[in-house]
Enquirer: 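Just dropping this structure here.
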There are 2 protein chains.
Amino acid sequence: MTRSIPEATVARLPLYLRALVECSEADIVTISSTGLAAASGVNAAIVRKDLSQLGAFGTRGVGYRVVELIDEISSVMGLDQDRAVVIVGIGNLGRALAAYDGFTRRGFDVVGLFDAADALVGQTIAGMVVEDAADLDTAVADRGATIAVIATPAAHAQETVDRLVANGVTAILNFAPVHIDSPEHVAVRKVDLSTELQILSFYEQLYASPGPDQQLATGT
Amino acid sequence: MTRSIPEATVARLPLYLRALVECSEADIVTISSTGLAAASGVNAAIVRKDLSQLGAFGTRGVGYRVVELIDEISSVMGLDQDRAVVIVGIGNLGRALAAYDGFTRRGFDVVGLFDAADALVGQTIAGMVVEDAADLDTAVADRGATIAVIATPAAHAQETVDRLVANGVTAILNFAPVHIDSPEHVAVRKVDLSTELQILSFYEQLYASPGPDQQLATGT
DNA sequence: CTTTGTGAAATCCTTCACAGCG
DNA sequence: CGCTGTGAAGGATTTCACAAAG
């Protein structure tokens, strides 16, 4: 039934969702594609095309019903089901992610923090006890974790991923600054902080020196 | 001279750079497009097209000289010049970013940490004293910061950006979960952690239930 | 014989423009 | 009259395939 939603659309649906939840909290009942576009930072035509992809119908002359759209997008994105998440690598970044509330809301349930360092194991971070990375395999399998966040050093990322995938993880958010290989049925997204800075460096120098004459869209 | 490098290429050059630096440290002298592709997780044809964009010439039958390519990419990305960076919002994430070494290497010089909370101002994080966000404007201007990292709550992000831009910042890395408006000459990249998780949720459920029959490429 | 550099084809995504509905 | 839904046009990006170079 979910007839192959384009990747670009999938990447934007969460943006709409966030804007819609804000509308909902402000007791706004309907919103036009133009309004949603402004709140999400995209083009209005794209909003309409995206929403038409998932069969959600707005009302001509009026717009979209906010609560209806929230339900629809949540359902399509699978946010109406709980998902168990583990975070591997509890360095500075891992700690911040463990405490980040955007990670714990919306159906994501952090069921384990793992690190290989003896000094960290047993410590309590954000209300959870850090466990030994050696116990990762069984813990992941037992707790039914399907999503993993990799915040390990680059050198350990691939090995960690292999173990996770072998134990049932099918989606990975990779913060380690390295490319990881994974089977086709495993979804991988990477967040690469130093790469982002370097990209900014390019555009910074581009705008700085010559005539201001180039575009930049921050795509996903 | 920099003849408009496609955005997609710019986003990949840092990946090549990282792989090349690793080769360099392993004393590898030349690398083929196939090798570089494998290390970066992209297609070999794309590597060649990307590199041809910046006029870097490989040697047919041999490949690319590693050190030469590192210099070329560094130069194109503007990584051979120092850039002053400020981090605004020293919560869990801001703290992690301040300590993250990927942020402090490669010509990026963190020249200020700012937060609005009295409890934080004056504290030392990663060897730097947190300053009052009220002093942001003059500090940014005085220290010549051109890149800013936004790790504030969503509600303060836009206001912060406006002040930064008014004082000379032309590139922004936004971690706040909100869309920010900025003038055309300002480059903005966003890193949206909860959005990434939601995207993974979609593909996780896609692979889980029906036949495994869909693609996913983690583009930037 | 290996590997680059690149036209051309194919695919994906965005933007435009407007018919049609409420 | 306002706004959605969508065919069609326009761009951008990726992939293919191969001639040319070392």
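Naming convention: chains lettered A, B, ... in sequence-line order (proteins, then strands); numbering from 1 in each chain.
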Enquirer: Can you give me the closest heavy-atom contact between A:R48 and A:S33, atom names plus distance?
Expert: NH1-OG, 3.1 Å
Enquirer: Should A:E159 and A:R163 count as an ion pair when the cut-off is N to O under 4.0 Å?
Expert: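 Judged by the 4.0 Å cut-off on N to carboxylate O distance, A:E159 and A:R163 do form a salt bridge.
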Enquirer: C:dT15, C:dT14, D:dT6: which one has an atom nearest the side-chain heavy atoms of A:R48?
Expert: D:dT6
Enquirer: Indicate yes or no for a side-chain donor-acceptor contact from B:R189 to the backbone of A:E196 under 3.5 Å, with no hydrogens or angles considered.
Expert: no
Enquirer: Nearest whole Å is fine: how far is C:dC13 C1' from A:D50 CG?
Expert: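 The answer, rounded to whole Å, is 10 Å.
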Enquirer: Please report, rounded to the nearest Å, how far the P atom of D:dT4 is from the CG atom of A:L69.
Expert: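 Value for this atom pair: 10 Å.
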Enquirer: If I take atom CD1 in residue B:I5 and atom P in nucleotide D:dT13, what distance separates them, rounded to the nearest angstrom?
Expert: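 Value for this atom pair: 12 Å.
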Enquirer: Using whole Å, what does the distance between atom C1' of nucleotide C:dT11 and atom CD of A:E7 come to?
Expert: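 In whole Å, C:dT11 C1' lies 13 Å from A:E7 CD.
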Enquirer: Any N or O donor-acceptor pair under 3.5 Å from the base of D:dG2 to the side chain of A:R60?
Expert: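 Counting by modelled atom types and ignoring angles, no donor-acceptor contact under 3.5 Å is found here.
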Enquirer: Counting side-chain heavy atoms from CB outward, which of C:dT15, C:dT6, C:dG22 is closest to A:T59?
Expert: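 Looking only at heavy atoms from C-beta outward on A:T59, the closest nucleotide is C:dG22.
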Enquirer: Would you mind reading off the distance between A:Q53 atom CD and C:dC12 atom P, rounded to a whole angstrom?
Expert: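 Computing the A:Q53:CD to C:dC12:P distance gives 13 Å.
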Enquirer: In whole angstrom, give the distance that lies between atom CZ of A:F57 and atom P of D:dG5.
Expert: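 Going from CZ in A:F57 over to P in D:dG5 covers 7 Å.
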Enquirer: Determine whether the side chains of B:D80 and B:S74 contain a donor N or O and an acceptor N or O closer than 3.5 Å.
Expert: no
Enquirer: Round to the nearest Å and state the distance from B:Y64 atom OH to D:dG22 atom P.
Expert: 14 Å
Enquirer: Considering heavy-atom distances to DNA chain C, does A:A45 or A:V62 have its closest nucleotide positioned more toward the 5' end?
Expert: A:A45
Enquirer: Tell me the interatomic distance from B:I46, atom CD1, to D:dC16, atom P, rounded to whole angstroms.
Expert: 10 Å
Enquirer: Is there a side-chain polar atom (N or O) of B:S33 under 4.0 Å from OP1 or OP2 of C:dT3?
Expert: no
Enquirer: Nearest to the A:S32 side chain among D:dT4, C:dT15, C:dT3, which nucleotide is it?
Expert: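 For A:S32, the side-chain atoms sit closest to D:dT4.
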Enquirer: For a quick check of understanding: with a heavy-atom distance under 4.0 Å over all strands, which category does B:A56 fall into, base, sugar-phosphate or nothing?
Expert: sugar-phosphate
Enquirer: Check for a donor-acceptor pair, side chain of A:Q158 on one end and backbone N or O of A:D181 on the other, with a separation under 3.5 Å.
Expert: yes
Enquirer: D:dT15 base to B:K49 side chain: any donor-acceptor pair below 3.5 Å?
Expert: yes
